[in-house]
A.B. asks: 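Starting off with a structure, shown below.
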There are 2 protein chains.
Amino acid sequence: MKLQLQIKMNEALFVRNPESSELGKNILKHSVELIYEAGFEAFTFKKLATKIGTTEAGIYRYFENKHKLLVYLTAWYWGWLEFQISFHTNNIDNPSVKLKRVINLLATAVEDDEETTHINESLLHQIIISEGSKAYLTKQVGEDNQQQFFKPYKDLCAVIGNIISECNPTYKYPKSLASTIIEMAHFQNFFMNHLPSLTDFGDTKEESEIIAFLNDLVFSSLNK
Amino acid sequence: MKLQLQIKMNEALFVRNPESSELGKNILKHSVELIYEAGFEAFTFKKLATKIGTTEAGIYRYFENKHKLLVYLTAWYWGWLEFQISFHTNNIDNPSVKLKRVINLLATAVEDDEETTHINESLLHQIIISEGSKAYLTKQVGEDNQQQFFKPYKDLCAVIGNIISECNPTYKYPKSLASTIIEMAHFQNFFMNHLPSLTDFGDTKEESEIIAFLNDLVFSSLNK
DNA sequence: TTTATTTGATAGCAATACTATCACATAAAA
DNA sequence: TTTTATGTGATAGTATTGCTATCAAATAAA
C-alpha cells in the first residue's frame, strides 16, 4: 500500500494549485533543490524555469513571486512536521517522554521519504534551517499573518506549548518556550555548521548534542 | 565634554571608510533610517542615493553592495552593544547580577544617544531584530566568516558565555546558551509584536516579560 | 466534435545591481 | 603658488531580475 500524504495548503499562497498538475509538482520538487543549491537570494524563477525546462511565465502561473513560494514551502514543512509529531507521539501518555520525542524530531535531520511525496523532506529541512525565518522576517508579516500564511507554524507551536503545559501546568511561558525550542533546534544547527564558536558543538558537529542541550534547557525550566 | 565613541570596523567591510567623510556618515545615518522604513528587501542604493541627494555611484564608492552594508551595520551594533555591556557591568562582582544586567541590555529597546554618533541606535536595534539574522543566513556565511565579518557577534557571545561559566563552572553549554539568549531576546520581541501567538506576551507586549522569561530560562539551567 | 484547460514560445517593460568615465571643487603638499 | 591627490556630482550604459501580456499548440473533458 502506498499512502499519499496530502497536506491541505492555504489557497491564498498560490495562483494555481501546484499539486494539481505535473508542472506544478515539478516546480515544488525543483524549487526545493534549487533553493538548497543556490540559496534563496540567488534563486530566481528564470533559473527555476530553465532547470525544469519550462519558461518563467510558466512558473508565474503557479506562484505570484518567490516569497510566496518560500512561504508555501515553509508552511508545507510545518504541516508535515506536525503530522510527524502527532504520528510519533501517538499513544505516549507521559508528557515528558512526548516532549523529548518532539525535541528529537525538531532537531534531527529527516530522511527523505521518497514514497510519500515529490518533495525531498531532507533538503527542505536544510532550507528551513537556512531560509525559514526569511518567510516572516519581512515588512509584510502583518498582511501575511492576516492571511493565515503562518498558521501551520503557529499550530505546531501551540501543540508543543500544550505538551509543555502538560509537563508542568504552573510553568508561565509555554508558548515562548515552544517557539524557543523550534527556533533553536534550527539556529544551533546552523551555528554549529557555519559559525561554530557560537555553540558548544563545534568540535563534534553532532545533532545529538543539540538535542541534549535543548533537553537540558527545557527540563531545567520545567522541573524547578 | 562630548566623547566620541569610535568603533573599529573590519576594513574588508567597506570600499572607502564611511566614517572618514560627510557623505560616508550620511550613508550610515540614512541607510539605517531607510532600512528601518522600507525593510531590507525593498532597500536599494538608488533609493538611498535619492534620499541623501547623491547618486547611486556615490554609494558604491563606500559599499560594494547592500549585503556588505547590512553586515557593517550589524557588526557595528554588536560592537556597540559589547561596549554598553562592559560599561554597565563594570565593577559588578556577582556574576548572576552581571548576567541579569546583560539580559536587560539585550532585551531592552535602546534610546538613541544623539550625542555620541550619527547612527540612531534605537532604529538600529529595531533593524537588528527584523533583519539581523539575514546578515549570516546566506550562502556566503563561510567566506564572510573567514573574513571575520562576524567577529563582533562572536566576541559578544564569548563574553556572555564567560559570565555564564562564572555563574556555574560546571554548566555544559555556556556558548549555546549565550547565543540562545541573544537570538531569543530579539526573536521573542519580533514574535510578540508580529506573531503574538508564538509568545506568552501578546496581551501586554511588554519587554519586561521577555526579560522575565529569559531570566527564568537561564537561571533554571544554571541553578539546577 | 466542440470546448475548456494546460503549457510553450516570444515579447516587452520597469526596476535593480552594478561599472565606467569625465569634470569640478577643494584641500593638502610641494 | 602651483601641483597633486581626494571627494563628489553627473551622466551613460549593461546585464539581470521581476513581472505582465499575447498567441498558438497540445491535450483532455464535455
Side-chain angles (χ1 to χ4, degrees), chain A residues 9 11-31 34-35 37-73 118 131 134-135 138-140 143-144, chain B residues 9 11-31 34-35 37-73 118 131 134-135 138-140 143-144:
Chain A
M9 298 297 296
E11 303 254 326
L13 278 172
F14 48 77
V15 183
R16 209 212 282 317
N17 191 340
E19 299 279 0
S20 73
S21 74
E22 274 314 302
L23 179 59
K25 287 177 199 159
N26 261 318
I27 290 174
L28 295 179
K29 179 179 160 63
H30 287 95
S31 64
L34 191 52
I35 293 174
E37 287 161 23
F40 187 65
E41 279 70 38
F43 167 82
T44 68
F45 278 5
K46 185 94 224 292
K47 290 176 191 164
L48 179 59
T50 311
K51 186 175 153 77
I52 299 180
T54 181
T55 58
E56 224 182 331
I59 316 284
Y60 279 103
R61 288 196 185 105
Y62 286 86
F63 289 99
E64 220 177 300
N65 51 49
K66 71 174 184 170
H67 175 248
K68 284 264 173 74
L69 175 53
L70 178 66
V71 176
Y72 182 99
L73 291 175
H118 38 282
E131 325 284 358
K134 296 172 192 168
T138 68
K139 271 283 155 184
Q140 342 118 35
E143 300 131 62
D144 285 0
Chain B
M9 299 297 296
E11 304 254 324
L13 279 172
F14 49 76
V15 183
R16 212 211 276 323
N17 191 341
E19 300 279 1
S20 73
S21 75
E22 274 313 301
L23 180 59
K25 287 175 199 159
N26 262 318
I27 291 174
L28 295 180
K29 180 179 159 63
H30 288 96
S31 64
L34 191 52
I35 294 174
E37 289 162 22
F40 186 65
E41 277 71 37
F43 167 83
T44 68
F45 278 6
K46 186 95 222 290
K47 290 177 190 164
L48 178 59
T50 310
K51 186 175 152 79
I52 299 179
T54 181
T55 59
E56 225 183 330
I59 316 284
Y60 279 102
R61 288 197 186 104
Y62 286 86
F63 289 99
E64 220 176 302
N65 52 48
K66 70 174 186 170
H67 175 247
K68 284 264 174 74
L69 174 53
L70 179 65
V71 175
Y72 182 100
L73 291 175
H118 39 280
E131 325 284 358
K134 296 171 192 168
T138 69
K139 270 284 155 184
Q140 339 119 37
E143 300 130 62
D144 286 1

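We name chains A, B, ... by the order of the sequence lines, and we start the count at 1 in each one.
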A.B. asks: Check whether any side-chain nitrogen or oxygen of A:Tyr62 sits under 4.0 Å from OP1 or OP2 of C:dT7, and answer yes or no.
C.D. replies: yes
A.B. asks: So do the side chains of A:Phe45 and A:Leu69 get within less than 4.5 Å of each other, counting heavy atoms only?
C.D. replies: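 Contact flag for A:Phe45/A:Leu69 side chains = yes.
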A.B. asks: Is there side-chain contact between A:Glu41 and A:Glu131, with heavy atoms separated by less than 4.5 Å?
C.D. replies: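 A:Glu41 vs A:Glu131: side chains touch.
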A.B. asks: Does the side chain of B:Glu22 come within less than 4.5 Å of B:His118's, by heavy atoms?
C.D. replies: no
A.B. asks: To the side chain of A:Ser21, which of D:dT22, C:dC18, C:dT6 is closest?
C.D. replies: C:dT6
A.B. asks: By nearest nucleotide on DNA chain D, pick out whichever of A:Ala57 and A:Ala42 is the more 5' one.
C.D. replies: A:Ala42
A.B. asks: Can you check whether B:Ile59 reaches B:Ile52 side chain to side chain, under 4.5 Å on heavy atoms?
C.D. replies: yes
A.B. asks: With sugar-phosphate meaning primed atoms plus P, OP1 and OP2, does B:Phe63 contact a base, only sugar-phosphate, or nothing at under 4.0 Å between heavy atoms?
C.D. replies: nothing
A.B. asks: Quick one: A:Glu64 CD to D:dT17 P, roughly how many Å, whole number?
C.D. replies: 20 Å
A.B. asks: When you measure from the side-chain N and O atoms of A:Thr54 to the phosphate of C:dG8, is any distance below 4.0 Å, counting only OP1 and OP2?
C.D. replies: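 Yes, because at least one side-chain N or O of A:Thr54 sits under 4.0 Å from OP1 or OP2 of C:dG8.
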A.B. asks: Between the base of D:dC19 and the side chain of A:Glu56, is there a donor-acceptor distance below 3.5 Å?
C.D. replies: yes
A.B. asks: If I take atom CD in residue A:Glu41 and atom P in nucleotide D:dT17, what distance separates them, rounded to the nearest angstrom?
C.D. replies: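 These atoms are roughly 13 Å apart.
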A.B. asks: In the structure I gave you, are the side-chain heavy atoms of A:Gln140 and A:His67 within less than 4.5 Å of one another anywhere?
C.D. replies: yes
A.B. asks: CZ of B:Phe40 versus C1' of C:dT16: gap in Å, rounded?
C.D. replies: 13 Å
A.B. asks: Specify the separation, in whole Å, of atom CD1 of B:Ile52 and atom P of D:dG7.
C.D. replies: 16 Å
A.B. asks: Among D:dC19, C:dA17, C:dT21, which nucleotide sits nearest the side chain of B:Thr44?
C.D. replies: C:dA17
A.B. asks: Taking CG from B:Leu69 and P from C:dT16, how many angstroms apart are they, rounded to a whole number?
C.D. replies: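 Whole-Å distance recorded here is 16 Å.
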A.B. asks: Distance check needed: D:dA10 C1' versus B:Lys46 NZ, whole Å only.
C.D. replies: 12 Å
A.B. asks: Taking CZ from B:Arg61 and C1' from C:dT19, how many angstroms apart are they, rounded to a whole number?
C.D. replies: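 My rounded result for the distance is 11 Å.
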A.B. asks: Taking OP1 and OP2 of C:dT6, is either one under 4.0 Å from a side-chain nitrogen or oxygen of A:Arg16?
C.D. replies: yes
A.B. asks: May I ask you to evaluate whether A:Thr55 reaches the phosphate of C:dT10, defined as a side-chain N or O under 4.0 Å from OP1 or OP2?
C.D. replies: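 Answer no for this pair, as no side-chain N or O of A:Thr55 is under 4.0 Å from OP1 or OP2.
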A.B. asks: Given D:dT22, C:dC18, C:dT16, identify the nucleotide with an atom nearest to the side chain of B:Asn65.
C.D. replies: C:dC18
A.B. asks: Expressed in angstrom and rounded to an integer, what is the separation of A:Lys66 atom NZ from D:dT16 atom P?
C.D. replies: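 Atom-to-atom, A:Lys66 to D:dT16, this comes out as 16 Å.
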